[in-house]
Structures are given as structure tokens and as C-alpha cells.
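Okay, structure first, notes after.
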Number of protein chains: 2
Amino acid sequence: MTKRAPSIRDVAIAAGVSTATVSRTLSSPEVVSEKTRETVYRAISETGYRLNVMARNLRRRETGAIAVLLPNLGNPFFAKILSGIAEVMSAAGYNVLITDTTPTSPDDHRFPEYFSHNQTDGLIVLDGMLNRELLLNRGTPEVRAPMVFACEWIDEIERPKVTIDNRAASERAVSHLIELGHRRVGHVCGPPDNVLTVTRRQGTREALQAAGLPCRDDWFYAGDFSLQSGADAARRWCETPDRPTAVHCASDEMAMGFIGELHRRRVRVPEDVSVVGFDDLEITAHFIPPLTTIHQPRVEIGRAAARMLLERMRIPPQDRQRGPVPRLVLPVELVERLSTAPPPVDARQNAG
Amino acid sequence: MTKRAPSIRDVAIAAGVSTATVSRTLSSPEVVSEKTRETVYRAISETGYRLNVMARNLRRRETGAIAVLLPNLGNPFFAKILSGIAEVMSAAGYNVLITDTTPTSPDDHRFPEYFSHNQTDGLIVLDGMLNRELLLNRGTPEVRAPMVFACEWIDEIERPKVTIDNRAASERAVSHLIELGHRRVGHVCGPPDNVLTVTRRQGTREALQAAGLPCRDDWFYAGDFSLQSGADAARRWCETPDRPTAVHCASDEMAMGFIGELHRRRVRVPEDVSVVGFDDLEITAHFIPPLTTIHQPRVEIGRAAARMLLERMRIPPQDRQRGPVPRLVLPVELVERLSTAPPPVDARQNAG
DNA sequence: ACGGTTGATGTAATCGTTTACAAGTACCAT
DNA sequence: ATGGTACTTGTAAACGATTACATCAACCGT
């Protein structure tokens, strides 16, 4: 008894033409005569016809969707990137499938299945900690959907990517602290093995070394980008004898967790210690104190990654190996707000 | 020259059976003999076969995907809800399409097309401000994909929904302030016309009236759930003569924006004014001061909405009109942290 | 020995499009 | 009249699965 949705055949009958003509009216109107076109359009609105995307995609051997793999949907950092991706992708007629790669259960190995070659036309990977095999063993090269990295990446996998210069960014953050007069500068790191952790730590080191300042292991606090790990780092900072007067956190969330915990322990920012974050989340401007941080052009990162993927999807699979692998490095800038200030006077006296 | 991905036919040939048998081995293994099953499994791994979802869905007249419509991906409030939805939905074999309903450009009317009946098997709507017509004119009832509301909803549209008791929640928040001794209590509202705005404002009013306290229009500040609007409200609060000693904000983001701006103006929370938020975002526990707020079970809201939708999708379209429309109201609780305290002494003296 | 039941498999239609190819028409130059 | 273009349109074969129905073998009780 369930009536079916009208199909292209119903339109064809209503218009008195063949299904081929209807199809052509829709996908390449310029080849059908004006008169027929009108008739078909009328028939379409009469019947209330809507294209069945599944059928089209089956025939065209496409899926009409791309997938985005990200480590943590809960992190507001990704929201704007997703907007950028969605903006470009839906303009190009693609759906965007978002997949949080943190397994909900320990035995959650469904997602290699998920993004096997015939589920999506392309992949944007925002997670550099994914299993390499998983990413590579997605069917034979001929049928594998193209992939681009954004923000994070995996060194061993040569793929198009759009990133920022993390090393230079952290260098800039630390230089800022040094310019303010800080001589003892610490760093709260991201999760171990993460590329961002490595490059940002390196930038921090290089800035310190370039200024001839100490680069002490006990001033590099472990973390994992989360609020909680920032708070934990604050606890360890408090216990550090001879502790740094300024800290550069590898993410805004850690910076906020750090400052939050310090506040609970009656340590003031920036009076007692300066903090520079990384990312420039919306909330940081409203935080107490407003956070000095590295601004990332997140929407633009998303847009660029999407455009790059679109580009790659256009290249036939067998040619994709050839030619240079596109790279894009977007500029970042330091946003000075109120979480940084010259070091406290007593600390300045202590310094060499 | 591009080699094709192996199809069910290749497997059938390799196993020396018909495609029907292969299909059955995959979708209802119990009906094929053990011997054949083995052979087919072997053939599958030999050929590296992967099911083509598009083909299956076309044949089954499903899309294998559901869509989530939300007002703002950037709002961290939605992230956990999405996790909950994704958890249940992908366990059930569905993809989750996330759509931010804020138009990227003024003429962005692409999405009525987007969620027309044949694009998704179901809809979860987290945005109560959507155009009613848009939501209802999605093809004939027989082919329309089922829809459930979560968090927000539209009163005129009778659909399954999972919510919290917003009225009671705000009542609880305000009672807490009254118990602390506050006599002048304000409210920062959400966007006009939003159901959450209305119900939370109502809860606030009722708590005040029940306690015999004044309910003054100039203590109800306009807002739109955003950080910025919270900051704006703070500005107006400062200008209010005879202002409230406590404020209940209809969202955590507004509460944080409110407090941030107050801090900039040297007004202390909770010493000078108490603030209660709504939502219990992760960050609020790390905010300065940690925020007293209403906790929403966000993951569970997502899960429940997903389960409810799955349920509805099982019912044949023509029967969906019949029977009661399921409703689920999840419990919330007040989380007391440090942004609330008894009113300042001078204010207490002023009070009746 | 025979009809009936059960279980396993194959045959072929179907889902709703797209598109290579064929075919038809109109027009023009020869 | 003939053949050649240039346009339009139609015919029918894909795309890769699922599934109703038919078939067939094996087994059982009488």
C-alpha cells in the first residue's frame, strides 16, 4: 500500500519522453532542446520528483560523500575546521561524514570497515595518531579513495597536506615570553608521539637555545591537549623547585586547565606566571585572564583541505602516484592578550 | 586500465556458487550450509571483496545514513550529544551526517534539497528554530523519513522527542540562589523565540514568584547563548541601577562571557555577584571561578534520541501516524561549584 | 514406490539512474 | 536526388547488490 516516491520513469511518462531525456535535462540541460526541457521541468514539478542519489551514485561508481577522521569531536578546536570543510564540500555536492576516531569501546574496530574504499570518495585525516596500516590497507591503489592530511599528519605517509608551521609558531610564542623578560620558560607538551607535540616542543627548544636560555627537562611537562592534563601540569609546576616564570602550553585547553588549577592554588596569571596557549579558541578571549595565544586560521585550514581533496579526487587513481604531492602551510600569528606579562620582580633578580 | 574493485560476482565465480549464495552468506549465514559458507568466506578473502553499500542500499531502498541538524557545530555543547548519537547509530550500521543549519551564505537554501526524503533514513533535529515548512514538506507522508527532536523542538510539530525539563532546571538554579539568601535575581535569556529560552525564563519566573520575590523586566537580559552575548549582558548589568546580586544564565557560554566581562570591569564572582549557568560544559569546571551550573546528561540525550529514531524507523510509514508519540524527559541536576555564594553584606541590608 | 517435507542453491527480476550507441530529422551543399 | 553534418532523442545495457520463486536432492513415513 505504501506509495513509492516518483522515479525518473514517472517523470518520463508524464512528459512523454524517455528516461534518458529526463536524465539529460537534469545533468546536462544544454543538450536537450528548449521545448523538451520546459516540458520535463514541468513534469518534474508536477510529479514532485526528486533524484535518487543512491541510484545515481551506483551508476556513476561514486559515493557522493567524503569522510573526516578526527581524534575528538568534543574538542572545540575542530568545529571551525569542520565548517570550512563542510562549506567547500557541500558546495561541490558532497556529503561530509564525520568520524571520531577515539574508540567508544575497546573492541571498536569497526572503522577500517567504515572507510574502506567504497564507502567514501575521499578522506580528510585530522588525526596523526591513526594506525598506519589502517590508513594504507584500504583496497588496491586503483580503487583507493584519495586522502589528505590537515593539521596533523603522519610522517611516513606521503600525502597532500595542509598545515601550519608549528615549529615557527611555538618559537614565536616563546620569543614573546623572552621579549617580556622571562629567562625561565617551560612548556606543557601534547600527547607523546603526536607530530604536533614534537614540532611545537622543537620550536620551544629552538627559541630557548637561540636566546641562550636553559632548556630543562623538568620544565617540559607531559600533557595530552586536554583541560585535565593542563590542570595536572599546573600541579607539577607548583611542585617544581626553581620553577619557570612563564609557560607555553601546546594547546589552549591545556592553558586554560593550567590557569584554572593555578587559580585554585592562589597563583596569579600573569602576575606570578605568564602563560601562552596555542589555537585561539573562541573562549580564550573571554577567559580570565584573556589568553595570549597562537591564532590558527581554522576555517581556512578546513577550506583548503577540502579544496585540495577535491583536486585529488579529480585525478585518475593511476596518475595520483605521479607528480609532486601538494603541500600548503598557512600563516599563524601571535595574539597578545592578558595572560602574559614581564616576570615578577623577585624572579627577575634570581635570573642570570 | 583501472582495475575494478571485486564485486559479488567475482566472489561467486571464485567460490563456484551463485551470487545469491554469496549474498546470503553475508546477510543470513544460517541459511547456507557450513561447507558452502567456508568456501565463500575463503573466496571473499582471496578476492579482497568488500560489499558495495550503494548497491545494497539502492536495492533495499534505504540510504544507510541518518542526518543530524544542529544550529551550531562550534558550540561544544553539541559534541557529546553527537558522540552519543554516533555511538548508537554506528552500532546499528548507520552513518551519521551532521549538518550545521546556520547558513554559510545568506542565499544558502541548499538544505531542503539535502534532507529530502531519499537522502537519509531518518532525522534528528537539535534545532528548534528551523523553518516549519522545511521540516514538514519533505515529500509525501509515505516516503518521508522519520524525525525525532532532541534538546530543542518545535511545539507545533508533534514528533517524538527527548529533552530535559528546562523549566524545572531553571527553577532549581534560581532556588539555589534564593537559598543562598539572594533577593534580587536576574536572568540572561537565550535567543528570542527559542523554546529553551521560553521554558528557562519561565522556570526562573516561577521560582521567583514562588518565593515572593520581584520579577523585574530590567533584570531579564537579552542574549543568544553565545559568549559574546553573555559579555554584552554583563555590560548592561553594570549599568542597571539597583541591580541583581545573582544572575542565572540560560547557557554556560553566556555565563562565561558574563563573568569574563565582569572581571574586566573589576566585578568579582561570587563575592559581588553570583552566577549560575546551564549545560555543564567540560570547561566550566576549569573556569575561574568554577561554575555552578545545571548538568545535562548530554551523551545520554544523544543515545536516547538515536534509539528513539531507530525505533521509529522500524515502524512502517503508514503506521507512524497512529499510536502515542514517544516522549522522554531526562533528569538534570544542579552542580554546585564556586560561582555562587551568599549575597554581599551591603546588598543584604538593602533587601526587604 | 510414492507423495510430502525440508534444506540448499540457482535463476532472474528488480532497485533508479546514467550513458554508449543507434536512429531519426532537418538542413545544406553538391 | 544524394550524401554529409548537426541536433535531438530513444533503446537498452550497465552499476552491484537483494530476494521471490523455482528447482533439486535427500530423506521420511506409509
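If you're wondering where the values come from, they're calculated on a predicted model, not measured in any experiment. These values consider heavy atoms only, across backbone and side chains, with no hydrogens, waters or symmetry-generated copies. Each chain gets a letter, A, B and so on, in the order its sequence line appears, and its residues count up from 1.
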task = Between C:dG16, D:dA17, C:dT18, spot the one nearest the side chain of B:N52, thanks.
result = D:dA17
ask   = With sugar-phosphate meaning primed atoms plus P, OP1 and OP2, does A:S27 contact a base, only sugar-phosphate, or nothing at under 4.0 Å between heavy atoms?
value = nothing
message = For a quick test of reading the model: is some side-chain N or O of B:S33 closer than 4.0 Å to OP1 or OP2 of C:dT9?
response = yes
message = salt bridge (Lys or Arg N to Asp or Glu O under 4.0 Å) for B:E300 and B:R303? Distances and angles first, verdict last.
response = CA-CA 5 Å; B:E300 191 48 36; B:R303 287 201 197 107; 2.8 Å; yes
message = Can you see if the side chain of B:R59 gets near the phosphate of C:dG16 - specifically, an N or O under 4.0 Å from OP1 or OP2?
response = no
request  = Taking A:N57 for its side chain and A:M54 for its backbone only, find out whether a donor-acceptor pair lies under 3.5 Å.
outcome  = no
query = Rounded to whole angstrom units, what separation is found between the CD1 atom of B:I44 and the P atom of D:dA17?
reply = 10 Å
inquiry  = Looking at D:dG16, I'd like to know if its phosphate oxygens (OP1 or OP2) sit under 4.0 Å from a side-chain N or O belonging to B:R50.
reply    = no
request  = Would you classify B:V22 as touching base, sugar-phosphate or nothing, given that sugar-phosphate means primed atoms plus P, OP1 and OP2, and contacts are heavy atoms under 4.0 Å?
outcome  = nothing
request  = Round to a whole Å and report the spacing from CG of A:D10 to P of C:dG16.
outcome  = 9 Å
message = Any salt bridge linking B:R327 with B:E158? Criterion: basic side-chain nitrogen under 4.0 Å from a carboxylate oxygen.
response = yes
task = Whole angstrom is fine here: how far is it from CD in A:E62 over to P in D:dG16?
result = 13 Å
query = Within the pair A:T36 and D:dT9, is there a side-chain N or O less than 4.0 Å away from OP1 or OP2?
reply = yes
request  = Figure out the CG/P separation between B:L58 and D:dA14, and round it to whole Å.
outcome  = 17 Å
message = What contact category does A:S23 fall into here, base, sugar-phosphate, or nothing, at under 4.0 angstrom with non-hydrogen atoms?
response = base
ask   = If you look at every strand shown and take non-hydrogen atoms under 4.0 Å, does A:R24 touch a base, only sugar-phosphate, or nothing?
value = base
request  = Using the closest heavy atom to pick a nucleotide of DNA chain D for each, name whichever of B:T21 or B:A55 lands nearer the 5' end.
outcome  = B:A55
query = Does a side-chain N or O from A:S18 land closer than 4.0 Å to OP1 or OP2 of D:dG10, or not?
reply = yes
task = Given side-chain hydrogen bond (donor to acceptor under 3.5 Å, both in side chains), test A:T47 with A:D10 step by step and report yes or no.
result = CA-CA 7 Å; A:T47 53; A:D10 300 312; over 6 Å; no
Protein-nucleotide distance (A:L51, atom CG; C:dG16, atom P), rounded to Å = 12 Å
ask   = Phosphate oxygens OP1/OP2 of C:dG16: is one of them under 4.0 Å from a side-chain N or O of B:R61?
value = yes
note = Per nearest nucleotide of DNA chain D, the residue lying toward the 5' end, A:R37 or A:T19, is A:R37
query = Can you tell me how far P of C:dT9 sits from CD of B:E34, to the nearest Å?
reply = 12 Å
key: Nearest listed nucleotide, side chain of B:A20, among D:dA12, C:dA12, D:dC15   = C:dA12
ask   = In whole angstroms, how far is the C1' atom of D:dC15 from the CZ atom of B:R60?
value = 18 Å
query = Rounded to whole angstroms, how far apart are NZ on B:K35 and C1' on C:dT9?
reply = 12 Å
message = Looking at B:S27 and B:S23, would you say the former's side chain and the latter's main chain have a donor-acceptor pair under 3.5 Å?
response = yes
inquiry  = Could you check whether A:K35 pairs with A:E38 (Lys NZ or Arg NE/NH1/NH2 to Asp/Glu carboxylate O, under 4.0 Å)?
reply    = no
